[in-house]
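Scroll down for the structure; my scribbles are underneath it.
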Amino acid sequence: MIIKQLSLEAKIAALAGIVFFSMIASRTYLAERIEVKRLRWLLKLQMVLFANTLMLIGSVHIWRNTVTMFYRLPAVNFCCFTFWKVVVLMFLILAHSSSFTALFLVAEEPYFFSLAAYTCLGGYIILIFFLFTLGSLEQGYKLLVHRNTNLNTINKNGKLAMKKTVLAITVTVALTVMGLLNASQPPAVKSVEITIHKLPLSMDKLKVVLLSDIHLGPTVGKSKLEMIVKMVKALKPDITVIVGDLTDSDVKDVGPAVEPLGRLNSYLGTYFVTGNHEYYTSDVNSWFELLKLLNVHPLHNENTKIMSPGGRESDWFCLAGVDDIEANVLRYSGHGMDLEKALGDCDVDHAIVLLAHQPLAAKRAVQARPDINLVLSGHTHGGQIFPLNIVTYFMNPFFVGFEFSTKDGKQWPENNIPMSSIQQTQPVASQRSFGIDYDHDCFLKDGKPFRYISGSIHYSRVPRYYWKDRLLKMKMAGLDAIQTYVPWNFHEPEAGVYTFSGDRDLEYFLELAEEIGLVVILRAGPYICAEWDMGGLPAWLLEKESIVLRSSDPDYLAAVDRWMGVLLPKMKNHLYQNGGPIIMVQVENEYGSYFTCDYDYLRYLQNLFRHHLGNEVVLFTTDGAINSFLRCGTLQGLYATVDFGPGSNATAAFLNQRHSEPKGPLVNSEFYTGWLDHWGSRHMTVPTSVVAKSLSNILAHGASINMYMFIGGTNFGYWNGANMPYAAQPTSYDYDAPLSEAGDLTEKYFAIREVIGMYKELPKGPIPPTTPKFAYGEVALEKVGTVRGLLNDLSPSGPVKSTYPLTFVQLKQYFGFVLYRTKLPRNCTKNTTLLPVFDGIHDRAYVSVNG
């Protein structure tokens with residue numbers, strides 16, 4: 001009976017209260033009784049329902065002011081009114097659905113529906129604000145000015161209320177459009193200089209970039225984050241800090257979108273603290289693990305010493321981070337602001353910089369620890385969210401200021417700056433150029449003659465963790481360029497499934513090279529050889545049995561077109577003229593050695609590369625320094641280079657290049673510092689003295705050179721290739737290179753460095769030392785079973801039955817092993833050929849009888 005007497009708004013408020021208390025119950029009583037994954041979903045659903053029940057109160061108010069009121073007017077046109085009702089209803093439905101999109105409509109890039117829903121939510125908040133504000137002014141006007149019966153006359157036919165509503169709608173539309181225009185612009189970069197007490201002199205001019213409130217989720221995706229990362233990298237900060245609200249969603253929903261953060265290669269590190277929205281995802285620990293993989297270090301109520309790169313051992317400051325205070329409110333297990341723990345290893349003799357998401361947390365921290373020198377925070381979105389920014393000016397400590405008392409009674413004013421960065425001072429990309437001067441037989445870099453001395457490193461054969469170490473060693477050897485292959489199958493293991501993260505993060509590798517000061521010669525394929533599995537071509541291409549690889553076969557070209565449509569647009573941003581390190585791009589690889597000799601194929605690739613990369617980039621080919629190879633491997637418009645090793649006649653080799661390229665620079669794209677190994681054969685070596693002598697001879701010709709390999713690395717997994725007749729490469733791709741498989745400095749490294757020093761100035765500074773090795777002792781292996789006994793575990797889906805043996809490709813088993821089993825139709829008492837020699841096993845097989 002009492003419920004019936006309540007107004008609609010009161011009933012909705014009561015419902016919101018019920019949902020609110022259910023949330024409290026979930027976080028207390030049910031927290032230990034429900035499986036974590038289910039509890040996470042329950043909490044999210046409760047939060048969505050709570051938000052929507054509160055919004056219902058506002059929606060009723062909007063409906064009454066924008067629909068019901070107009071319905072009472074006698075002059076309303078029925079058709080127009082019906083259309084208006086539909087518009088308002090759709091607006092409210094979209095606004096309410098915004099919170100649901102965070103649960104059910106999140107991906108790597110935002111959906112249009114989500115963007116529309118959150119746009120309506122923004123308009124909803126603005127409209128509610130102005131309806132209540134103007135309504136309050138209307139009521140105040142009535143009470144203060146019109147206390148007589150003339151009030152009804154003034155407000156006859158609801159004209160005053162109608163004007164109020166029209167004004168509120170007009171202002172809402174205007175502010176929403178302004179907000180959309182503002183959101184479409186790149187983030188603003190604010191630069192400030194801050195004096196930090198106790199910061200070591202060796203760290204003067206320290207550059208810090210602060211990021212906050214990115215909110216990956218329904219409205220912000222990977223492309224927006226890539227833009228932000230590019231802006232940050234342009235600033236070249238020493239440290240990058242992310243102070244919370246990075247995401248609004250689970251790792252499983254938007255994990256791929258955060259991958260660009262792995263390219264924030266700030267010299268002193270990238271650090272992260274949680275915001276309130278991380279705790280709304282209920283997936284904080286998963287985010288911590290993902291960020292660690294991207295070299296972003298979470299400060300979970302902890303600190304780290306930031307050492308001065310060129311200073312003394314005592315030159316450091318303490319960078320600390322606290323969990324967001326929302327974790328305390330939500331009682332998030334294992335989380336919550338713990339300032340004492342966060343500052344545990346910080347001392348009063350060194351500067352303390354604290355990362356805390358909310359300004360309120362910053363206030364509490366500085367009141368508790370006056371020795372904190374700087375607090376970096378976010379949460380307020382730069383005061384851009386109207387009308388919430390009005391509240392900000394009254395409640396945010398950074399805006400209103402605060403003081404606190406120390407034990408000696410002194411007052412300490414606080415002035416923390418929530419964003420610091422340094423403006424970019426590098427030349428703009430349009431000033432950069434790289435090309436060929438045919439008149440003077442040389443390359444031109446930024447309009448000046450240029451000869452590169454390069455070394456090959458395959459990012460796919462070196463773990464990401466060691467990329468920087470290897471590149472630094474190459475730089476200190478006197479190299480000014482590196483050359484690398486792009487293995488297609490490394491990035492598209494299944495048709496249409498692309499991966500460019502972790503050890504496959506090619507763009508991060510390129511950015512590291514640029515940071516170190518090395519230009520890049522990119523060998524983009526599609527075929528690369530490289531003693532890599534199938535020369536980099538994906539095995540799934542062979543599912544089309546009639547396909548002719550490395551030719552103008554339509555099926556092959558269609559797959560190449562799709563792959564290059566993914567790879568080359570990524571590479572375009574890294575071209576030298578666009579501000580990146582790539583000066584040249586190789587088309588195909590030693591195509592003159594292949595049987596097809598298909599010029600239509602080369603022309604197709606040339607047009608494809610030009611389409612994606614433009615006309616300014618230098619495209620080139622590489623072939624053996626033999627005229628027959630150069631005849632089928634070169635094409636007009638692709639600069640022809642040659643490859644040959646030590647002991648070859650350099651003059652004769654370059655004369656063969658001149659048959660294809662009468663003018664232009666001399667280039668040896670593969671000068672072999674060693675050679676590849678095969679299973680069952682001895683490790684191949686090339687004497688250091690021979691390599692050094694031949695290198696000096698080539699450089700004396702004025703030629704550009706790439707040493708293949710400068711570091712060989714490792715064939716991890718099943719990526720090792722094989723030559724014909726079948727001879728497999730082993731796991732090691734050491735290549736007897738100047739840097740060993742483990743990245744160690746060798747005698748050959750220093751001999752090559754000495755030769756290079758005869759032709760150009762060597763870089764100053766120490767050479768990174770050989771990586772320390774550890775003795776792990778013996779590892780005892782325990783037998784767990786036989787293949788036969790573990791078949792159900794190794795292949796839980798059971799056997800594939802077929803009349804005739806299926807190939808690996810037919811089974812879609814591109815790597816690994818296949819167990820073939822059959823019963824022979826008769827006993828074989830004499831030697832019997834089971835498979836034909838030339839059409840049987842193409843790899844390696846183990847045959848057992850009755851096994």
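Computed from a prediction, not measured in an experiment: that's the story for all the values here.
- Between Phe288 and Phe272, the two ring planes are perpendicular [angle over 60°; tilted spans 30° to 60°].
- There is a side-chain donor-acceptor pair under 3.5 Å between Glu531 and Tyr733.
- Glu109 and Lys224 are not joined by a salt bridge, as no carboxylate oxygen comes within less than 4.0 angstrom of a charged side-chain nitrogen.
- Within the 4.5 Å cutoff, side-chain heavy atoms of Lys222 are placed close to those of Pro260.
- Within the 4.5 Å cutoff, side-chain heavy atoms of Glu226 are placed close to those of Arg263.
- For Ser552 and Asp598, the side-chain atoms include at least one donor-acceptor pair closer than 3.5 Å.
- Glu494 has no carboxylate O lying under 4.0 Å from a charged side-chain N of Lys812, or vice versa, which leaves the two without a salt bridge.
- At a cut-off of 3.5 Å, with distance as the only test, a side-chain donor of Tyr591 or Thr596 sits close to an acceptor on the other residue.
- Aromatic ring orientation, Tyr820 versus Phe808: tilted (interplanar angle from 30° to 60°).
- We find that Glu670 and Arg523 are joined by a salt bridge, their nearest charged nitrogen and carboxylate oxygen being less than 4.0 Å apart.
- Taking the charged nitrogens against the carboxylate oxygens, Lys773 and Asp744 do have a contact shorter than 4.0 Å, which makes a salt bridge.
- Using a 4.0 Å cut-off between charged nitrogen and carboxylate oxygen, Glu741 and Arg461 do not count as a salt-bridge pair.
- At a cut-off of 3.5 Å, with distance as the only test, no side-chain donor of Thr746 or Ser740 sits close to an acceptor on the other residue.
- Counting only N and O atoms by type, the side chains of Ser501 and Glu259 include no donor and acceptor under 3.5 Å apart.
- Centroid-to-centroid, the aromatic rings of Tyr672 and Phe644 stay 6.0 Å apart or farther.
- For Asn589 and Gln586, the side-chain atoms include at least one donor-acceptor pair closer than 3.5 Å.
- Between Phe490 and Trp532, the two ring planes are perpendicular [angle over 60°; tilted spans 30° to 60°].
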